[in-house]
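Below: one structure, written as structure tokens.
Basis for what follows: all heavy atoms, side chains included, without hydrogens, waters or symmetry-related copies.
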Amino acid sequence: MSGVKNLQPVGRTAADAVCCPPLVAAALSEQDAEIMAAMFKALADPVRLRLLSRVASHPSGEACVCDIADVGVSQPTVSHHLKKLREAGLLTSERRGTWVYYRPAPGVLASLGAFLADAESAGR
């Protein structure tokens with residue numbers, strides 16, 4: 001699978017794509033399952049999970065790649081992992097001069113949490 005970009009209908013953003021019902025609320029459609037699988041596949045790598053954590057927990061709500069790159073791999077590998085997180089719809093980025101700043105995609109963390117909510121949290 002090449003990434004979420006190929007799975008979204010025209011006009012649907014990555015943030016919209018995460019609006020799947022909680023896992024215990026209803027069966028997923030094929031498209032929603034593919035979108036969520038791409039996100040979880042991106043998160044299945046420990047380096048990517050650490051990068052997402054560093055971005056999401058940064059005090060300013062966004063992080064320069066220069067501030068989060070110390071995860072034990074080379075800079076080109078960090079760039080590769082950040083690209084995969086962007087393609088999966090988990091991060092957004094903005095170039096400012098030499099540096100690229102990353103932030104969690106709007107609503108994505110809350111949507112992932114709601115998706116994984118157990119039956120008790122979902123009101124069952």
Side-chain angles (χ1 to χ4, degrees):
M1 185 175 344
S2 61
V4 174
K5 289 180 183 176
N6 297 331
L7 301 175
Q8 297 171 350
V10 175
R12 190 172 183 190
T13 67
D16 296 334
V18 226
C19 297
C20 300
L23 193 57
V24 298
L28 288 175
S29 69
E30 184 176 340
Q31 182 181 21
D32 285 344
E34 288 178 7
I35 290 167
M36 295 307 291
M39 289 184 174
F40 286 114
K41 182 177 179 180
L43 290 173
D45 185 284
V47 172
R48 291 183 197 147
L49 193 54
R50 288 182 64 206
L51 287 168
L52 180 64
S53 172
R54 286 181 177 211
V55 171
S57 66
H58 200 275
S60 67
E62 65 179 7
C64 174
V65 69
C66 59
D67 295 331
I68 60 171
D70 185 20
V71 290
V73 295
S74 68
Q75 175 56 48
T77 303
V78 168
S79 294
H80 167 77
H81 285 304
L82 289 168
K83 176 183 174 189
K84 292 296 185 182
L85 290 168
R86 275 192 338 267
E87 288 175 347
L90 296 165
L91 292 178
T92 62
S93 63
E94 178 184 347
R95 179 171 290 282
R96 297 182 198 154
T98 305
W99 300 109
V100 178
Y101 288 78
Y102 293 89
R103 70 191 61 77
V108 75
L109 299 177
S111 292
L112 284 172
F115 174 73
L116 293 173
D118 61 19
E120 191 173 307
S121 299
R124 284 187 163 182

Nearest heavy-atom pair of Leu109 and Leu52: which atoms, and what distance? CD2-CD2, 4.4 Å
What's the shortest heavy-atom distance between Gly89 and Ala105, and which atoms? O-CB, 3.2 Å
Return the CD to CG distance between Gln75 and Asp70, rounded to the nearest 0.5 Å. 11.0 Å
Looking at Glu30, I want to see if its CD is surrounded by more than 12 non-hydrogen atoms of other residues, nucleotides or ligands under 6.0 Å. no
Could you tell me which non-hydrogen atom of Val71 sits nearest to which non-hydrogen atom of Arg50, and how far apart they are? O-NH1, 3.2 Å
On a heavy-atom basis, which atom in Leu112 and which in Met39 lie closest, and how many Å separate them? CD2-SD, 4.1 Å
Return the NZ to CZ distance between Lys41 and Arg48, rounded to the nearest 0.5 Å. 8.5 Å
To the nearest 0.5 Å, atom OH of Tyr102 lies from atom CZ of Arg86 at 4.5 Å
Looking at CG of Leu82 and CG of Leu90, how far apart are the two atoms once the value is rounded to the nearest 0.5 Å? 11.5 Å
Backbone N or O of Thr98 within a donor-acceptor pair of the Arg95 side chain at under 3.5 Å? yes
OG1 of Thr92 to CD of Glu62, rounded to nearest 0.5 Å, is 8.5 Å
Which heavy-atom pair separates Ala56 from Pro104 by the least distance, and what is that distance? CA-CG, 3.8 Å
Nearest heavy-atom contact between Arg103 and Val55 is CA-CG1, 3.6 Å
Once rounded to the nearest 0.5 Å, what's the spacing between atom CG of Leu28 and atom CZ of Phe115? 4.5 Å
